[in-house]
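Chain identifiers are assigned alphabetically (A, B, ...) following the order of the sequence lines, protein sequences preceding nucleic acid strands; residue numbering begins at 1 within each chain. What's counted below: heavy atoms across the whole structure, side chains too, no hydrogens, waters or symmetry copies.
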2 protein chains.
Amino acid sequence: MPDQHSTLRAQRRAETQRVIQAHAVRLFTGHGYDATTVADVAEAAGVSPMTVYRHFPTKEDLVLVDQHARLVAERIAASSAAQPLVRRIGSALIDAATTLTSGGSGNSGDSPTTNEQFLLARLRLMISTPALRARHLDNNYALQQAIVDALGDGATDSDTAFRTQAAASACLAAMHTALVRWSEDDGRTDLPDVIAKALAAAFGEGVLGTGPDA
Amino acid sequence: MPDQHSTLRAQRRAETQRVIQAHAVRLFTGHGYDATTVADVAEAAGVSPMTVYRHFPTKEDLVLVDQHARLVAERIAASSAAQPLVRRIGSALIDAATTLTSGGSGNSGDSPTTNEQFLLARLRLMISTPALRARHLDNNYALQQAIVDALGDGATDSDTAFRTQAAASACLAAMHTALVRWSEDDGRTDLPDVIAKALAAAFGEGVLGTGPDA
DNA sequence: ATCGTATTGGTAGTGACTACCAGATTGGTA
DNA sequence: TACCAATCTGGTAGTCACTACCAATACGAT
């Protein structure tokens, strides 16, 4: 049965990745991203530089690596097509953020979890390091395409597609602003709330919550 | 008079930069960005690789190099503080785009000028090449900070600053979408119009033009 | 004519990243 | 148990972007 086979392999592989990434983020945070070489990360993780490149295609991916896109796309597809574009996208972003940060225990207010701490450390690196910031923004652009694909009913005309792109890009930009703010607050505020505030600031208070309840 | 002095030097320097960049964009477009080395560009431009690095800090800057930011910031500062945020920023972006593309002759409709052709070639590279796209998006982020600074009356409270950030980022994202669309149309459409359409799609039709005339 | 400065070029080096190849480990099989 | 195939890992050598550090040259001003 190749299922069991690949599952065991995959677990070991995922664990190796986790260890390498943890050491990478720790070193990057401590000594700076540029000042830390891939060889340094490899040595700290107890593997060869080759192995690092096997698991992470580029040095930047040691920090980025998010499956965030899939999460958002799923929520988009599950949302009601009757609502306006910005609300559909905004709600999906907020829901995805809730899933990402809650992790399991409802810690609303302060005391971020270990999972959140790691997320925050990576976020801080992504914001302060030019190369990482650029790559992160490009990932956001890829997410935009995924959202548009999830929204598109297959073959929409060029003009509708353009409007969808514009709405999606603006929503994601607002979310990015929220992420920056959240990291500046060291995760003490509630991420979904910050995203909602950013969306409201950009599109007006009525974008979310004019529907039934809340 | 040191004015004449530096002017002559600056002219020669600007001309050298122009030549290098022209060859770079030509080679990148023809053989691909990644497949073209800086040494190739230097050889085509008739200079040494060192000289290329003297004029352009990174290979990516051979394509990017825009003074767009300054243009936008000026329009922002000159706009009326009475209007809503999104309209102030949106109008500034549209005005700046008008200045950038018009160049001097009123060519509304088709037949892009040589200046526009060069702009389009760079834009196509920026969109299709991952590394350039990432850097371009990061430049947009820097422009966002410039806009916020131009808007901020000095010491605004944290919450107002956050709202400004959110609005500015969303506007710039819409503009980026417009730029993509414009390059897909090979510049046949009017760039300011496309930007206006993108802003309207993201923020609603009423954002621009509810004021007097137009 | 001369001096200071800006521009250019060369050399050597670092570091990210990529083939190309060899050994080791693991899971399933005769 | 012995064997096979796939995967994981490591090493070597090389490309390329980019950076000091240093010499030569051209240019503008006194």
Handout entry: Under 4.0 angstrom between A/R13 side-chain N/O and D/dC8 OP1 or OP2
Key = yes

Handout entry: CD/B/Q17: more than 12 non-hydrogen atoms of other groups inside 6.0 Å
Key = yes

Fill in the blank from the handout: Residues pairing under side-chain hydrogen bond (donor to acceptor under 3.5 Å, both in side chains) where one sits in residues 118-128 of chain A, two or more places apart or in two chains, turn out to be A/R124-A/D186

Exercise for the section: Go through the side-chain N and O atoms of B/T98 and B/D95 and say whether any donor and acceptor fall under 3.5 Å apart. Expected result: no

Handout entry: Pair B/K197 + B/D193, salt bridge at N-O below 4.0 Å
Key = no

Handout entry: DNA chain C contacts among residues 32-43 of chain A, heavy-atom distance under 4.0 Å
Key = A/T36, A/T37, A/V38

Exercise for the section: Starting from P on C/dA6, measure out to CD on B/Q11 and report it in whole angstrom. Expected result: 17 Å

Problem - SB check A/R12 A/E15 (cutoff 4.0 Å) - result: no

Practice task
Using Watson-Crick or G-U wobble geometry with both distances below 3.5 Å, tell me the partner of D/dC18, or none.
Solution key: C/dG13

Problem - All salt bridge (charged side-chain N to carboxylate O under 4.0 Å, His left out) counterparts of B/R133, not counting sequence neighbours - result: A/D138

Practice task
Rounded to the nearest angstrom, tell me the gap between atom CG in A/L132 and atom P in C/dA16.
Solution key: 12 Å

Practice task
Could you tell me the separation between the CE atom of A/M50 and the C1' atom of D/dT7, rounded to a whole number of Å?
Solution key: 14 Å

Fill in the blank from the handout: Here the ring pair (Phe, Tyr, Trp, His ring centres under 6.0 Å) pairs for residues 35-54 of chain A, sequence neighbours left out, are none

Completion exercise
Residues passing the salt bridge (charged side-chain N to carboxylate O under 4.0 Å, His left out) test with B/D185, sequence neighbours excluded, are B/R181

Exercise for the section: Residues of residues 52-63 of chain A with any non-hydrogen atom less than 4.0 angstrom from an atom of DNA chain C: list those, numerically ordered, please. Expected result: A/Y53, A/P57, A/T58, A/K59

